[in-house]
Amino acid sequence: MIINIPRGTKDILPGETEKWHAIEELIRDTCRLFQYKEIRTPIFEHTELFTRGVGDTTDIVQKEMYTFTDRGDRSLTLRPEGTASVVRSYVENKLFGLPNQPVKLYYMGPMFRYERQQAGRFRQFFQFGVEAIGSNDPSIDAEIIALAMNVYKKAGLKKIKLVINSLGDTESRIAHRNALIDHFSPAISQFCSDCQNRLLKNPLRILDCKVDRENELMAKAPKLPDFLNAESAAYFKKVKHYLDILNIKYEVDPNLVRGLDYYNHTAFEIMSEGKGFGAISTLAGGGRYNGLVEDLGGPEVPGGIGFAMSIERLLLALEAEGEIIETTDSLDVYVVAMGEAAKDKAVSFVSLLRQNNITAEMDFLDRKVKAQMKSADRLNAKFSVVIGDNELESGIVSLKYLANGKQQDLTFEKIIEDFTEIASRAMEELA
RNA sequence: GCGGGCGUGGCGAAGUGGUUAACGCAUCGGAUUGUGAUUCCGACAUUCGGGGGUUCAAUUCCCCUCGUUCGCCCCA
């Protein structure tokens with residue numbers, strides 16, 4: 001009886017991991033350019049962090065959390081998203097006291113949500129996220145968005161779209177919320193059961209409903225932008241202004257509502273427009289969360305803003321666009337051995353090559369020369385070397401350049417000494 | 001939580017109510033006793049996710065189950 005991988009999870013195997021490395025490297029480089037520093041928080045937290053931070057009316061908290069009780073009878077939850085943990089750490093470690101504010105952080109790691117799997121959706125998925133905490137300057141909103149767009153651009157994505165909206169401050173949101181309740185209440189019975197539940201808890205999310213999208217009340221619903229107070233409207237205008245300066249195109253979608261409770265002011269999503277991407281097109285989402293630090297027991301500080309993107313979806317989107325990720329993994333020398341004595345030599349020679357930073361491989365199945373050569377070919381080795389009795393006696397081996405089959409007789413020592421030169425000369429000859 | 005598709009060798013994939021379960025790739029051996037393309041020859045599923053039923057007979061029909069995948073809600 002073999003044991004299978006849990007539903008909704010995935011093994012990332014060689015051939016695929018190289019792509020992940022490339023993406024991760026690109027992300028770290030970008031964060032360095034933008035001066036965001038990595039933070040690593042635990043993969044599980046007290047359940048309360050998420051119910052309080054993310055909000056208990058959200059889908060995440062209501063039906064998607066991996067919650068368990070540990071041996072000390074504590075309720076813990078595998079993190080469904082990153083922001084709550086980062087803000088918790090910010091408060092707990094008093095990062096608000098650091099001399100340089102805002103505090104600019106990034107994280108990468110697995111997140112967990114109990115959902116049915118489909119294309120681009122997993123129970124364990126990998127997010128890269130960024131948070132800038134401690135500034136209410138709209139230019140940092142734009143910087144955060146720019147960082148995300150930058151990653152996508154560098155990865156090679158072309159068909160992406162930035163959608164933004166402003167949820168406004170608390171005052172604006174309450175005004176809008178009341179208007180929504182007044183608008184939908186009289187006819188709420190004709191809406192789906194989800195929406196009926198949303199009416200009082202979080203009427204904003206009715207606008208997000210796909211089931212009742214066609215209902216005529218939807219189109220006539222009070223629009224958030226009409227309820228933004230002067231301050232909120234000015235803030236949003238500034239964000240757009242900075243995006244313009246950065247030459248980042250965007251589409252304002254007044255119906256864009258993020259699924260987490262802590263958002264206010266700027267909200268945005270980056271979507272893929274690539275064909276064959278599946279039903280889910282959101283690559284990244286984020287927004288501003290003024291007040292979250294206080295909600296989680298921190299002092300009154302300027303607000304924060306951040307986003308999270310899924311690495312799986314980035315890879316999917318790249319594939320949909322036919323983009324190939326360049327990976328650098330090459331084999332310099334494949335050492336073929338014939339017989340016991342030659343194998344001894346092969347073991348030591350391979351080791352010596354590696355000590356000299358030359359990637360080397362050999363056969364571990366005692367196969368025939370032909371089979372070993374075939375391996376060399378399939379592994380895409382640059383060179384092969386065959387060691388047999390003759391070579392052991394003379395100390396001279398034929399170094400074969402597999403691209404054109406040319407061989408040259410050299411001592412073992414010479415190969416090590418001049419490898420870089422030999423390789424570049426062989427490559428030139430080919431060209 | 002709800003709805004659809006699929007489950008045949010390491011992988012991809014045909015197929016039919018009845019004893020030969022195609023083919024392709026990969027792998028291994030040989031033609032070539034020490035050299036990778038190609039070519040040729042040969043080997044490679046007592047078995048068609050699991051359980052039950054119908055039948056003289058089931059991989060093929062029915063039921064259940066498990067797995068997987070896509071979609072809905074919602075999101076990354």
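A quick note: this is a predicted structure, and the numbers were derived from the prediction, not measured. In the text below, chain A, chain B and the rest are named by the order of the sequence lines, each starting its count at 1.
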Legend entry - Six-ring centre of A:Phe112, A:Arg123 cation under 6.0 angstrom, axis tolerance 45°: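 Here A:Arg123 fails the 6.0 Å and 45° test against A:Phe112.
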
Nearest whole angstrom, please: distance from the [atom2] of [N] to the [atom1] of [X].
| X | N | atom1 | atom2 | answer |
| --- | --- | --- | --- | --- |
| A:Asn390 | B:U33 | CG | P | 15 Å |
| A:Arg367 | B:U35 | CZ | P | 16 Å |
| A:Lys368 | B:U27 | NZ | P | 16 Å |
| A:Lys374 | B:U32 | NZ | P | 17 Å |
| A:Ile5 | B:U68 | CD1 | P | 9 Å |
| A:Leu316 | B:U69 | CG | P | 13 Å |
| A:Arg378 | B:G10 | CZ | C1' | 14 Å |
| A:Lys370 | B:C40 | NZ | P | 13 Å |

Work out how far the [atom1] atom of [N] is from that of [M], and round it to whole angstrom.
| N | M | atom1 | value |
| --- | --- | --- | --- |
| B:C25 | B:A37 | P | 15 Å |
| B:C64 | B:C28 | C1' | 42 Å |
| B:A21 | B:U35 | C1' | 39 Å |
| B:A31 | B:U8 | P | 37 Å |
| B:G18 | B:G71 | C1' | 40 Å |
| B:U55 | B:C72 | P | 44 Å |
| B:G53 | B:C6 | C1' | 23 Å |
| B:U60 | B:G9 | P | 15 Å |

Legend entry - Whether A:Tyr235 and A:His265 hold their rings parallel, tilted or perpendicular, with breakpoints at 30° and 60°: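 The arrangement is tilted - the two ring planes meet at 30° to 60°.
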
Inset, instruction - Assign the ring pair A:Tyr401 / A:Phe383 to parallel, tilted or perpendicular, where the plane angle (0 to 90°) is split at 30° and 60°. - result: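 Answer is tilted, since the angle falls between 30° and 60°.
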
Using a 4.0 Å heavy-atom cut-off, does [X] contact any base of the nucleic acid, only the sugar-phosphate backbone, or nothing at all?
| X | value |
| --- | --- |
| A:Gln124 | nothing |
| A:Leu314 | nothing |
| A:Val386 | base |

Legend entry - A:Asp377 and A:Lys374: CA distance, side-chain angles, deciding distance, salt bridge (charged side-chain N to carboxylate O under 4.0 Å, His left out) verdict: CA-CA 5 Å; A:Asp377 186 46; A:Lys374 210 170 174 184; over 6 Å; no

Inset, instruction - Would you kindly say whether A:Glu269 and A:Thr282 are connected by a side-chain donor-acceptor distance under 3.5 Å? - result: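 A:Glu269 vs A:Thr282: donor-acceptor pair found between side chains.
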
Inset, instruction - Could you tell me whether the side chains of A:Thr58 and A:Gln62 share a donor-acceptor contact shorter than 3.5 Å? - result: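 Note: A:Thr58 and A:Gln62 side chains miss the donor-acceptor criterion.
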
Inset, instruction - By nearest nucleotide on RNA chain B, pick out whichever of A:Leu365 and A:Ala403 is the more 5' one. - result: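 The residue mapped nearer the 5' terminus is A:Leu365.
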
Inset, instruction - On RNA chain B, check which nucleotide each of A:Glu312 and A:Lys400 is closest to and give me the residue with the more 5' one. - result: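 So the residue in question is A:Lys400.
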
Residue [X], side-chain heavy atoms: nucleotide from [options] that is nearest:
| X | options | value |
| --- | --- | --- |
| A:Thr282 | B:U69, B:A76, B:G67 | B:A76 |
| A:Leu402 | B:G36, B:G34, B:A76 | B:G36 |
| A:Met373 | B:G29, B:G36, B:C73 | B:G36 |

Legend entry - Strand contacts (RNA chain B) in residues 110-122 of chain A, 4.0 angstrom heavy-atom criterion: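 Heavy-atom contacts with RNA chain B come from A:Arg113, A:Glu115, A:Arg116, A:Gln117, A:Gln118, A:Ala119, A:Gly120, A:Arg121, A:Phe122.
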
Is it true that atom [atom1] of [X] has more than 12 heavy atoms of other residues, nucleotides or ligands lying nearer than 6.0 Å?
| X | atom1 | value |
| --- | --- | --- |
| A:Lys10 | NZ | no |
| A:Glu115 | CD | yes |
| A:Tyr114 | OH | no |
| A:Tyr66 | OH | yes |

Inset, instruction - State which residue, out of A:Val239, A:Ile140, A:Asp169, fulfils the side chain to side chain contact (heavy atoms under 4.5 Å, CB included) condition with A:Arg288. - result: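 By the side chain to side chain contact (heavy atoms under 4.5 Å, CB included) criterion, A:Arg288 pairs with just one of A:Val239, A:Ile140, A:Asp169: A:Ile140.
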
Inset, instruction - For RNA chain B, write out the stems as range with range, using runs of 3 or more consecutive Watson-Crick or G-U pairs with both distances under 3.5 Å. - result: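 The stems are B:1-7 with B:66-72, B:10-12 with B:23-25, B:27-31 with B:39-43, B:49-53 with B:61-65.
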
